[in-house]
Structure formats: structure tokens, C-alpha cells
Number of protein chains: 2
Amino acid sequence: MTSSDEIVQYPKTGRFLAGRLRHDMSEGEKAELESLVGEIQTFGDGHRLIARGDVCNCSTMLVEGFMLRTLESEDRRYGVSFHVPGDFVDLHCFALKRLDHNIDCVGPTTIAQVPHSAIAEIMKNRPHLARLFWFSTMLDAAMHREWIMKLEQLTAPKRIAHIFAEIWRRLEMVELGFADGFETPLRQADLADMCGATSIHTNRALADLRNKGIADFQRGEVRIPDRERLERYGGFTPDHLYGDGALSFRLDD
Amino acid sequence: MTSSDEIVQYPKTGRFLAGRLRHDMSEGEKAELESLVGEIQTFGDGHRLIARGDVCNCSTMLVEGFMLRTLESEDRRYGVSFHVPGDFVDLHCFALKRLDHNIDCVGPTTIAQVPHSAIAEIMKNRPHLARLFWFSTMLDAAMHREWIMKLEQLTAPKRIAHIFAEIWRRLEMVELGFADGFETPLRQADLADMCGATSIHTNRALADLRNKGIADFQRGEVRIPDRERLERYGGFTPDHLYGDGALSFRLDD
DNA sequence: CGAAAATTTGACGACTCTCAAGTCGAGTGG
DNA sequence: CCACTCGACTTGAGAGTCGTCAAATTTTCG
């Protein structure tokens, strides 16, 4: 079953763990997950779905669009991670109760939410599904770690190359990438927040990537002539995404 | 019951979640956790307990000492987080199967391990304890996020101030801090790995902190004259540790 | 004591920030 | 249709932070 079929059958949750452990979910589990989520909600660019410190009684499945996890300090916003459709964005707060960070929409966004009481039931009665939920939050943690290393290692142009490479791969996992790049609602200022640079420096870094022929970012249209070159420049390896790579979840060894 | 009493009664796991949700654990749960862990093992400085990509069949409780989570890239080691006694260091790999990062000992280290089969039983039969385990891994993720923001925001001296502030607080939570600072097996090169700077620059940053009277690091002895000043300089707030602060897990609101 | 490891210092160039200004594109009112 | 406007993007100059290369000093330990 391809991801497109999954979306037809499970319109709100069909992308959850696609390319990762979705193949490990039974149809019963997929159906149960789909039945847990509430009705579709939509938000516009810049909407802050959850603010740091809010008590959460439900968690959010991102159905369409793009979201940023952010933290604020001294009047500046810092991106700590991003989300694409199929991500169970704030499952964390089931365990944490209060979120330590904000969840911001970038561009038009469609979500569906799951009450925590339903997740608590899953914890009691569906240990396998519960373990997949846990896995999903651990994926976020692994991505955080990779990003920490890259922040410690890379200059701004390479950070951006890494971000582009990761967005592209993750969009592809949920069948939303193109052969030669991807589209994103991110603006230069958002990219700046994500890589911890000023928007001025980010602009120069993007010009760098364009001049080098590595990536051409023009108002959300990202064209990448040579994927291998982009990934090499940004020091990107997809292992931490736990798809079909060196770290993939295989039970046979 | 103070943390010291807990250590007498539960010598291997008595510091788990101390200062956080330990108060939410029943004596039965504490006893069960203590019974799950195997015998004490010790390792010396620099020992790599788990290497990226290893298949893990057990997880590690850090009993005494200090550990770093690290990633390697282009022949350099990067610290992504650190661990103090009481941390369930690699509970992540119960969900991930293969760890994306290394677990390195710093200085002499004492651990005890729990087989994953035992954790799977907990998932089936003890949903509350399972949720605490999940919480513990989410704490790590929250600390990752805070560190991402600080890497994006701070210069090297301030990063080090932040690291010192966090180590001190976390040691205090498990009653291992002193009134005027703390001891750590970390060397300057380890600190450099942790903040993504060269050891030369780290050395200058430490000299800065010493000259400013903010923190005096001398071969693992860290003396801090004024905690408030250290925390202000490093932009440190303890909220993301989920102790008794703005984000603490309270069921009453 | 002697060797290895850890720490410290100096000089110079690259990366990034700040302040300041200028350009481009989409939508609006005349 | 065109001038206007606002937000997004682009460019320039000077200063601070940090990396690299090279070397010296101090500490640890056999």
C-alpha cells in the first residue's frame, strides 16, 4: 500500500510514521488512531497553536502544512525543530503535561487533535501502539540531537543546506517532495530563526548557496540541482530519521 | 523522605526522577524499578558504553559518575547532552532499538542495566510507571531543545556558563551539589566538545569567566561565587528541567 | 626525573553581527 | 493604468567572535 492509498483510507492520520514504522502498524491500529482524532481545524500563517507553559489536554496531528517548534529568549524567536504532515507534533505534552516550547504555524495549516484521555487508554490497552507513540517522540529527540551537532559544527550556509536536505527527505517520506526540490511556506526570516542567524546573514547565506549552484531558494520554492551535492555540503545523513538506513528498526539482528 | 534516604533504600535507582516526578512514584513502583536493574558495573574515563548503531537490548541507569551523549562527524566528537546520577541514560533505545548516538563515560562511572524485556512488561502491566519512563525521555528532549536555543543564541563563554548552571542544578536535584559549586570529571576538551568550540577557544572562554568572577573552573573543581549572576550571564532558567517551576507537572490546573 | 597529557598564550584570517540604506513585488486607491 | 505602500528581500561597511597554526607552560604520573 503506497502512502497515497493510506491517505485515502486514513485522511487525517495516513501519513503518521510513513517511511518509518508505519509498516509495523496493523490495520486495526491505523483505524483506531484515525478514530481517535477529532475534527479538522485550520489556521493561518503565524498562528501560535500552543504557547510554552500552556496545560495541554490534547495532542496534535499535523495533517497539512508546516509547523515550527520555537522558544523565545530576549525578544527573539528560535526554531528548535520543524514539522511536516504526518507528524504527531506535540505528543510530548502527553507525558510532560505542560509544553516547554511553542508550536507555531507557518503558512496555512490543517490539524486534527487527540484528547489525552484517549492516549491514556491506549497506554493501558494497546502497548504496541503506545510503543509506536513513544517511538515517534524519540524520533523528534534524535532529530534534536542531530541538529545540536550540526549547530556546533556548521556555518550558516551549511546549516541551511542541512535544513533543506532534511525538509526534502521528510517531505518525500510522506510523498510531498518533488523530483527537483520542494515547496515550503518558510520565509527567510523563519529560516533565520531556525538556524540561529540574523535574517541579513541568512539572506547572504542563501545567496551563497545560489551562487554555488547548491540550492535556489526563491520565496518558498526550493530547487536543488544535485541532491548528493546538497547533502554533502550540509553534512546531511538521513540515518537519524530512522527510515531505511543504518539505524532502521529491524527486528532481525 | 529525603533523597539520601531514598539512596539507602534504593541504592541503584534512588535518584531516578529525584526533584521531578519521584514524588509521584509509589513505594511499590520504586521497589519494582530497583528490582529490575541488574548488577552494578563500573567503567573508567573515556569508555564508550554504547556506540551509535549498536542494537540495544537493555537500558542503563547511571548510578555514580558522569556521562556524555555524543555524535561524531568529520573526526570530531560533539556533545549533545550530559548525564548525572539518577538519569535513565538510554531509555531511548527501548523505543528506537538502535541508538543514533554514543554514550561515553567521563571519569569513573558506575551503572546498572535493565533488560528491555522487563521494560516491555512494564509497558503491558504498569501504565503509570511506563508513563514516568516516557516522561523521563521527554525531559531529555526538553533539555535538547533548550540547548538548541542556547547554541543559536549564545557565545562560547555564555554557553559554558549555561552548562555550569545546568550541571549544578541537576547535581543539586540528586543532592550532589555543593553550596558554592560542584565537582565534575570534565576536562576542558570535554567542555569544548559540549559547546562546539575548539579547546583553545574554550580555554579563553573559561579565562573570561574567571576574570569576570562568574565561575572558576580548575581541573574539575567549579567554584561559583554568585549563582544568580552565573544564571543571568548564561541566560539559564531551570524551567525545562521540570522541577518546581513554571512548567512543573501539577495535576491541579 | 622524564614523558605524556592538559592547559595557556599569540597572531592572523574567516564568519557573523549590527547599523544603515536601498531594491523588489504584490496589493490598493486614484 | 499608475503612483503608493508595505513587507520581504538585498547590499555595504565596520566591529566582535571564533578557528587555525604554532608554540610555550603547567600538571600528572610512571
Side-chain angles (χ1 to χ4, degrees), chain A residues 44-46 73-78 106-108 149-163 183-212 215-223 233-235, chain B residues 44-46 66 73-78 106-108 149-163 183-212 214-223 233-235:
Chain A
D45 180 63
S73 183
E74 319 232 315
D75 281 334
R76 222 205 117 164
R77 187 178 77 146
Y78 296 91
V106 182
M149 173 183 64
K150 291 301 163 186
L151 284 171
E152 292 175 346
Q153 180 186 28
L154 301 181
T155 59
K158 294 182 176 189
R159 288 180 188 181
I160 292 175
H162 192 276
I163 289 173
E183 279 178 26
T184 166
L186 290 168
R187 282 155 308 175
Q188 291 193 5
D190 299 315
L191 274 175
D193 291 348
M194 291 167 78
C195 70
T198 59
S199 58
I200 294 172
H201 193 63
T202 300
N203 176 269
R204 292 191 233 260
L206 286 170
D208 253 29
L209 294 176
R210 204 174 293 134
N211 292 335
K212 284 192 168 74
D216 188 2
F217 177 97
Q218 299 275 0
R219 297 180 189 263
E221 306 270 327
V222 185
R223 294 284 162 258
Y233 187 72
Chain B
D45 180 63
F66 202 91
S73 183
E74 317 234 317
D75 281 334
R76 223 206 115 164
R77 188 177 78 146
Y78 296 90
V106 183
M149 174 183 62
K150 292 300 164 186
L151 285 170
E152 292 176 345
Q153 181 185 27
L154 301 180
T155 59
K158 295 183 176 189
R159 289 180 187 181
I160 292 175
H162 192 276
I163 288 173
E183 280 179 25
T184 166
L186 291 168
R187 283 155 306 174
Q188 292 193 6
D190 297 316
L191 275 174
D193 290 348
M194 291 168 78
C195 67
T198 59
S199 58
I200 294 173
H201 193 65
T202 300
N203 176 270
R204 292 191 232 259
L206 286 169
D208 252 29
L209 293 176
R210 204 174 291 134
N211 293 336
K212 284 192 168 73
I214 290 176
D216 188 2
F217 177 96
Q218 298 276 359
R219 295 181 189 262
E221 308 269 327
V222 185
R223 295 284 161 259
Y233 188 71

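Note that the structure is predicted; figures quoted are calculated from it, not measured.
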Legend entry - Under 4.0 angstrom between R210(B) side-chain N/O and dT7(C) OP1 or OP2: no
Inset, instruction - Starting from P on dT20(D), measure out to CG on D75(B) and report it in whole angstrom. - result: 13 Å
Inset, instruction - Would you indicate what A197(B) reaches in the nucleic acid, counting non-hydrogen atoms under 4.0 angstrom: base, sugar-phosphate, or nothing? - result: sugar-phosphate
Inset, instruction - Would you kindly compare R219(A) and H201(A) by the position of their nearest DNA chain C nucleotide and give the one closer to the 5′ end? - result: H201(A)
Inset, instruction - Write down the atom of F217(A), the atom of L186(A), and the distance for their closest heavy-atom approach. - result: CZ-O, 3.4 Å
Inset, instruction - Kindly give the heavy-atom pair with the smallest separation between H201(B) and A156(B), and that separation in Å. - result: CD2-CB, 3.5 Å
Inset, instruction - Assign each of S199(A) and E152(A) to its nearest nucleotide of DNA chain D by heavy atoms, then name whichever residue's nucleotide is nearer the 5' end. - result: S199(A)
Inset, instruction - Indicate whether OP1 or OP2 belonging to dT8(C) is found under 4.0 Å from a side-chain N or O atom of N203(B). - result: yes
Legend entry - Rounded distance (Å) that lies between atom C1' of dA26(C) and atom CG of D45(A): 16 Å
Inset, instruction - Could you work out which one of dG19(D), dT11(D), dG10(C) sits closest to the side chain of R204(A)? - result: dT11(D)
Legend entry - Length of the line joining D190(B):CG and dA6(C):P, which is rounded to integer Å: 9 Å
Legend entry - K158(B) and I214(B), any side-chain heavy atoms less than 4.5 Å apart: no
Legend entry - Nearest-angstrom distance from the residue atom CD of E74(A) to P of dT18(C): 11 Å
Inset, instruction - Provide, to the nearest angstrom, the distance between the CG atom belonging to L154(A) and the C1' atom belonging to dA14(C). - result: 16 Å
Legend entry - Under 4.0 angstrom between R159(B) side-chain N/O and dT17(D) OP1 or OP2: no
Inset, instruction - Check the distance between dC15(C)'s C1' and I160(A)'s CD1 and give it to me in whole angstrom. - result: 13 Å
Inset, instruction - Please report, rounded to the nearest Å, how far the C1' atom of dC17(C) is from the OH atom of Y78(A). - result: 12 Å
Inset, instruction - Measure from the side-chain heavy atoms of T155(B) and tell me the nearest of dA6(C), dC18(D), dT16(C). - result: dC18(D)
Inset, instruction - Indicate the atoms forming the closest heavy-atom contact of C195(A) with L151(A), along with that distance. - result: O-CD2, 4.1 Å
Legend entry - Any T198(B) side-chain nitrogen or oxygen under 4.0 Å from OP1 or OP2 of dG19(D): yes
Inset, instruction - Would you indicate what A156(A) reaches in the nucleic acid, counting non-hydrogen atoms under 4.0 angstrom: base, sugar-phosphate, or nothing? - result: sugar-phosphate
Legend entry - Closest to side chain of I200(B), choosing from dG19(D), dG10(C), dT16(C): dG10(C)
Inset, instruction - Using whole Å, report how far CZ of F217(A) lies from C1' of dC9(D). - result: 10 Å
Inset, instruction - Using only heavy-atom distances, determine whether the side chains of S199(B) and Q188(B) contain a donor-acceptor pair under 3.5 Å. - result: no
Inset, instruction - Determine the contact category for G220(A): base if any of its heavy atoms lies under 4.0 Å from a base atom, sugar-phosphate if only primed atoms, P, OP1 or OP2 are that close, otherwise nothing. - result: nothing
Legend entry - Presence of Q188(B) side-chain N/O under 4.0 Å of dT8(C) phosphate oxygens OP1/OP2: yes
Inset, instruction - Using a 4.5 Å cut-off on heavy atoms from C-beta on, say whether the side chain of D193(B) contacts that of R76(B). - result: yes
